[in-house]
Amino acid sequence: MSDTTDESTETDTDIGFDTEQPGDAETFSLRNLLILCSLPFWAVIIWYAWDQTWARAFYGVIFLGGVLELYVLSELMDMAGGGRGHIIEDLKKAYGPGNRLHAGLLTFSALDVLVTITYIATNFQDLYVSNLGRATTNEYIMAIVFTFVIIYLTWRSFGLTFLSVIFVGILYGRYGAFAPGALSHGGLTWERILRTLVISVDGFFGFLTQLVAAWIALFLLYAGFLKSYGAFDLIMRLAFRSARYIDSGIAQTAVLASAVIGSVNGSQTANAGMTGSFTIPLMKRNGMKPETAGAIEAVASTSGQVLPPVMGAAAFIMASLITGVTYADVIVAGLIPAAILVVTIAIAVHYVSVPQLDDVDPEILIQDAMPRSEFLTELVKYGLPLAILIYLLGIVQVTVMTAALYTAVSMVATGTIIPMLQSLTGVHDETPGESALRSVWETLNGMREGVIVLAPVTIILAAINGVVDILTATGVPTKISLTLMDLSGGILLVAAILAMIICIILGLGMPTTASYTIVALLIAPTLTNQFLLPQFASHFFVFYAAILAGLTPPIATCVAVACGIAGADFWKSCLEAIKISAPLFILPFVFVYHPEVVSAEFGTQTLVSGSLAMIGAIAVIHGINYRFGFGKAISLGAGVAFFALGIVTMVHPSRLVQFGAFAAIIAMYVIQTITGKPNPVANVRNLVGSSGGSTTPSVEPDTE
């Protein structure tokens, strides 16, 4: 079936997302089988959000089993080249030469998941309540096999980097007696580890899996509908229109698109691959160096992870971990730091891209412009569900699950009804029947897209939950707290630097939700309990620090993905990314010394601290990325001065020192503005008057 989601035909800039329909209805393929299986899965999730009569832990078991089965099916579909042929042909490809080993392992995984989930669901009361702490030999065998299945599926999703985290966590739980110093513990038996991971219906089925099932799943279904109905294409159109008004508009397209899309995507790396596949070639075709294009995309994808209202799904986890706060509080607390980061990244991108970009007529980016009336209709189509989400969470303050349910349902309503109305009024050339059929396919495809995004997030959070439960049983959070206090000598700055390093290491190779979760459970309590930081300050510190792993070499997974698309040098791209995102490395320390910035209250102190942090961050970007028009030595000195003063303005605990640094930044900028123009001596004399008191300014020849 042909793709008719957008009538306009784009140029070779490839601005649209893949909105290809599920396939010809007459040819039943693996792709269509995945769609068919996703229907009951989403039906159960929607029913639970409406009814909520099941115990949350029981629902988590059913949810994880469904996700794992659908993930196996989606992997087989990929091995069949997308699964668009007849199902027999697709299966022959999936189990063909070169695929047989992994196809066999996936099939075994699917069977084991079915057996394990069925057993746990039918014996839930005994395992979860009655026989807690005890298990039979057969249950231990079941737990061993299921653990290896989770490990294998995690490896398929995220590779060896995260696999090592799981193994280290399990081995530390068993052989902790051999760990050095304060990290040593008596060690857990294999039986207790298996009960913790599987049999007690905790571990892999624990609170993170239940959180994904209850909160995050419906939001990712909403994201799937957005993609299938063509919202991301509209986002790109908005981004391209911005190119009319700013010289760096082509590069800002990547920032805007990646930030918006990344805010609902729980992985900065996945976001870089998704949006970078067309923003990076676009920037390169218009004169951008590969290293710069890759760096801009990597940083933009990272910035999306901190944008409210979703914050890469980490907002939901934060709301569940911090005592006495609501989801709306988390969103409000994240507004100021997100604004600081987005503004400074946009300025940095402008500085680095303008000297490289060719002159481009923005009108040629979209060959067939969308009519204004249709454009406004599209804004209503996608804006109304978002408005409903904000209204329900921010004003009515219903539960996150209820808000997600109504948002997803309203997206289906606007995504199907508005195209029907357009066909009835003649806006589109389709008949109402064709429009209805297309809407049905788009809705089904949105469910498939939701599953594809949801499955890896669920798998890694289930694995993280298992590791965290083992570490908690060993008492390691307390040990890390004592070790951090020991190493820092009780000095807050040293402790914060060490905590940031640990967060970056723990976040290597993980999506945002997973990296934030593990550092929030292991590091944030130390900052709160030992250094008396407010909980919001501690959690936002580790949240921002954890996502730095995607930009920090030698791993820098987000940069690596962008480099692969750009064909760029990895280390040069890492350097460019760090220069563009420099305030991201400093901003967490603002939360430590000025916790009011993330207090969820907009008082005078909050606004002053936020404004100083913004000005300081801009100064940091200016010092690193602006091309000063002076000699090499003076330019280097000016850059260092702006950078240093920017850090002081952002972070210093003394308000007097902050304002002093702020005044110095303004003075330096005025001097730079004057001396950077032609006839600098004449301009200075015009400003302050000549030394001889003459009212006639001296005039120097224009050498420019």
Side-chain angles (χ1 to χ4, degrees), residues 182-183 206-208 211 306 311 314-338 464-465 467-469 471-507 512-549 584-601 603 605-606 609-610 613 650-651 653:
L183 295 178
F207 86 97
L208 285 178
L211 185 69
V306 304
M311 291 165 55
F316 310 126
I317 299 175
M318 190 180 295
S320 70
L321 293 179
I322 301 179
T323 306
V325 304
T326 65
Y327 172 76
D329 293 329
V330 174
I331 297 308
V332 174
L335 288 174
I336 291 178
I464 284 279
N465 207 140
V467 172
V468 166
D469 281 355
L471 296 180
T472 301
T474 66
V476 74
T478 303
K479 297 176 186 295
I480 289 178
S481 176
L482 295 173
T483 303
L484 197 58
M485 279 291 290
D486 236 11
L487 293 174
S488 67
I491 301 172
L492 179 57
L493 177 60
V494 177
I497 293 173
L498 291 173
M500 174 174 277
I501 294 171
I502 294 172
C503 289
I504 292 174
I505 293 172
L506 292 176
T512 302
T513 46
S515 60
Y516 164 66
T517 300
I518 197 166
V519 298
L521 293 170
L522 298 180
I523 307 299
T526 300
L527 298 176
T528 296
N529 299 330
Q530 302 296 334
F531 294 93
L532 305 180
L533 284 182
Q535 287 193 82
F536 263 143
S538 298
H539 279 262
F540 270 94
F541 178 90
V542 299
F543 173 47
Y544 271 71
I547 64 175
L548 289 173
L584 180 58
F585 291 80
I586 304 165
L587 198 54
F589 296 95
V590 176
F591 310 149
V592 171
Y593 289 103
H594 299 282
E596 64 273 8
V597 171
V598 286
S599 64
E601 298 177 359
Q605 190 176 12
T606 300
S609 296
M650 290 180 71
V651 176

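Position 1 is the first residue of the sequence; numbering continues from there.
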With side-chain contact (heavy atoms from CB on, under 4.5 Å) as the criterion, how do L487 and V494 come out once you've worked through the C-alpha distance, each side chain's angles and the decisive distance to 0.1 Å? CA-CA 8 Å; L487 293 174; V494 177; over 6 Å; no

Sort out for me which residue in L533, L527, V598 forms a side chain to side chain contact (heavy atoms under 4.5 Å, CB included) with F541. L527

Give a yes or no answer on whether the side chain of D469 reaches the backbone of G206 with a donor-acceptor pair at less than 3.5 Å. no

Of the non-hydrogen atoms in S488 and L498, which two are nearest, and what is the gap between them? N-CD1, 4.1 Å

To the nearest 0.5 Å, how far apart are CG in L521 and CD1 in I464? 9.0 Å

Minimum heavy-atom distance between A613 and V590, given as atom pair plus value: CB-CG1, 4.2 Å

Let me see the working for I502 and I523 under side-chain contact (heavy atoms from CB on, under 4.5 Å), right down to the final yes or no. CA-CA 8 Å; I502 294 172; I523 307 299; 3.6 Å; yes

Does any part of the side chain of V651, heavy atoms only, come nearer than 4.5 Å to the side chain of I586, both counted from C-beta? yes

Excluding sequence neighbours, so at least two apart, what forms side chain to side chain donor-acceptor pair (under 3.5 Å) with T528? S538

Flag side-chain contact, heavy atom, 4.5 Å: L211 against I317: yes

Looking only at heavy atoms, which two atoms of V597 and G610 are closest? And how far apart? CG2-N, 4.1 Å

Could you state the interatomic distance from CD1 (I322) to NE2 (H539), rounded to the nearest 0.5 Å? 4.5 Å

Output for pair (L208 CG, T517 OG1), nearest 0.5 Å, gives 5.0 Å

Rounded to the nearest 0.5 Å, how far does CG of L587 lie from CG of L548? 9.5 Å

For T326, check side chain to side chain donor-acceptor pair (under 3.5 Å) against everything at least two apart and list the hits. D329

Nearest heavy-atom approach of S609 to H594 is OG-ND1, 3.9 Å

Residues A520 and L321: closest non-hydrogen pair is CB-CD1, 3.7 Å

Can you measure from OG (S599) to CZ (F536) and round to the nearest 0.5 angstrom? 8.5 Å

Take E596 and T606 through the test side chain to side chain donor-acceptor pair (under 3.5 Å) and record every step on the way to the result. CA-CA 5 Å; E596 64 273 8; T606 300; over 6 Å; no

Side chain proximity check, F540 to P595, heavy atoms < 4.5 angstrom: no

Centroid-centroid under 6.0 Å between F591 and Y544 rings: yes

State, yes or no, whether a side-chain contact exists between P337 and V306 at a heavy-atom distance under 4.5 Å. no

Using the side chain to side chain contact (heavy atoms under 4.5 Å, CB included) criterion, which residues pair with A319? Sequence neighbours excluded. W215, Y327, V330

So, do L492 and F589 sit near enough that their side-chain heavy atoms are less than 4.5 Å apart? no

Roughly how far, to the nearest 0.5 Å, is the OH atom of Y516 from the CE atom of M318? 4.0 Å

Apply the test side-chain contact (heavy atoms from CB on, under 4.5 Å) to residues S515 and F543: give CA-CA distance (whole Å), side-chain angles for both, the deciding distance (0.1 Å), then the verdict. CA-CA 8 Å; S515 60; F543 173 47; over 6 Å; no

